[in-house]
Amino acid sequence: MYANAETFPSLPEVLASRPPASPGRRRQVGPCCINPRGLDRFNELLASLGQAVPLACDQIVTAARLLEDEPGAPLAPPPCIGLRLAGAEPLARLAVDEGWEAGGAPLKDVQAVLHYLLSPDDLIPDWVPRVGRLDDAIVIDRAWPRIGEEVAGYLDFCRLRLLEAGLRGERPGRFRFTRDEWRVSRQAEAELRAHQRAVRAGSYLPAGANRFRVH
């Protein structure tokens, strides 16, 4: 089954609500202040990834403060941030893997997310303790409905390519294994599993044996 955003712990609910009617005054996340022009650029990115309503500065600051107050290591990001970052880890490999041949809208969204994650000029500096990657997690969260299936498919592609490498006695990058061949391998694997289930549930005997007596 393909991964989706439900595999991640939820970000603070304030990020899912509509922005307040009057803008709040809070702009401080840790020792840093959110730049209004940076927030505009951030919301433009979210809009390109399907976010219909822009986030207000007060929503992001409130979410950051809620996460700062959660119990946990003083420097480590909370699980709702850390697991999103871990889920996005394959993006850099996916974008350049010649065997996978990513393209079209999914690749465009993957590249947009990657560009933001690697940018030194993001909304919240990454070095801010616990919540420095909150903005990165928000970007991943908004993009996941569009890229989650692509990421999960790519991870399965890597799994089957590794199995094929073992059968050939070669390293994964030393032979041709394409996205089409992955689809064929997936289908063959699904058919094998269906056959194994049928064998476990059934019998090779054509019919039940008749009862007999010994005289």
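Basis for what follows: all heavy atoms, side chains included, without hydrogens, waters or symmetry-related copies.
Interatomic distance, CG of L117 versus CG of D122, reported as 8.5 Å (0.5 Å rounding). Interatomic distance, CZ of F42 versus CD1 of I124, reported as 7.5 Å (0.5 Å rounding). Taken from CD1 in I60 to CG in L39, the straight-line distance is 5.0 Å, to the nearest 0.5 Å. The distance from atom CG of L94 to atom CG of L155, rounded to the nearest 0.5 Å, is 8.0 Å. Atom CG of residue L167 and atom CG of residue L162 lie 10.0 Å apart, to the nearest 0.5 angstrom. A distance of 8.0 Å separates CZ of R27 from CD1 of I34, quoted to the nearest 0.5 Å.
When side chains are defined from C-beta on, C57 does not count as touching R26, because their heavy atoms never get closer than 4.5 Å. At least one side-chain heavy atom of R193 sits under 4.5 Å from a side-chain heavy atom of R197. The shortest distance between side-chain heavy atoms of L123 and Y116 falls below 4.5 Å. Residues P19 and L55 fail the side-chain proximity criterion, which asks for heavy atoms closer than 4.5 Å.
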* **Worked verdict on T178 versus R176 for side-chain contact (heavy atoms from CB on, under 4.5 Å)** => CA-CA 6 Å; T178 67; R176 178 177 171 80; 3.3 Å; yes
* When you look at R168 and L163, which way does the side-chain contact (heavy atoms from CB on, under 4.5 Å) test go after all the steps? -> CA-CA 9 Å; R168 296 179 181 225; L163 287 176; over 6 Å; no
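In this structure, L114 and A95 approach most closely via the heavy-atom pair CD1-CB, 4.1 Å. Here the closest non-hydrogen pair linking R84 and A137 is CD-O, 3.5 Å. Of all heavy-atom pairs between A64 and V131, the closest is O-CG1, 3.5 Å. Between S10 and C80, the shortest heavy-atom distance links the atoms O-CB, 3.5 Å. In terms of heavy-atom proximity, L45 sits nearest to S48 at O-OG, 2.6 Å. In this structure, W127 and C32 approach most closely via the heavy-atom pair CH2-SG, 3.5 Å.
Every pair passing ring-ring contact (aromatic ring centres under 6.0 Å, His included) that includes a residue from residues 86-107 is listed here, sequence neighbours excluded: W100-Y154, W100-F157, W100-W182. Residue pairs meeting the salt bridge (charged side-chain N to carboxylate O under 4.0 Å, His left out) criterion with at least one member in residues 127-137, sequence neighbours excluded, are D126-R133, R133-D136. Listed by first then second residue, pairs satisfying salt bridge (charged side-chain N to carboxylate O under 4.0 Å, His left out) with a partner in residues 90-99 read E89-R93, D97-R161, not counting sequence neighbours. Residue pairs meeting the salt bridge (charged side-chain N to carboxylate O under 4.0 Å, His left out) criterion with at least one member in residues 42-55: none, sequence neighbours excluded.
No donor-acceptor pair closer than 3.5 Å links the side chain of Q187 to the backbone N or O of V184. When atom types are taken as modelled, the side chain of E150 and the backbone of P106 share no donor-acceptor pair closer than 3.5 angstrom. E191 places no side-chain N or O within donor-acceptor distance of the main-chain N or O of A188, the cut-off being under 3.5 Å.
With sequence neighbours left out, the side chain to side chain contact (heavy atoms under 4.5 Å, CB included) criterion links D121 to R41, S119. Residues satisfying the side chain to side chain contact (heavy atoms under 4.5 Å, CB included) test with S185, not counting sequence neighbours, are L160, F177.
Residues V53 and L49 fall into different hydrophobic clusters, defined by Ile, Leu, Val, Met, Phe, Trp and Tyr side chains chained together at heavy-atom separations under 4.5 Å. I140 and L107 are not part of a single hydrophobic cluster, where members link through side-chain heavy atoms under 4.5 Å apart.
Taking the charged nitrogens against the carboxylate oxygens, D156 and R159 do have a contact shorter than 4.0 Å, which makes a salt bridge.
Of the candidates V61, L67, T62, V61 is the only one forming a side-chain contact (heavy atoms from CB on, under 4.5 Å) with R65.
Residue E101 qualifies as enclosed at atom CD: its count of foreign heavy atoms under 6.0 Å is above 12.
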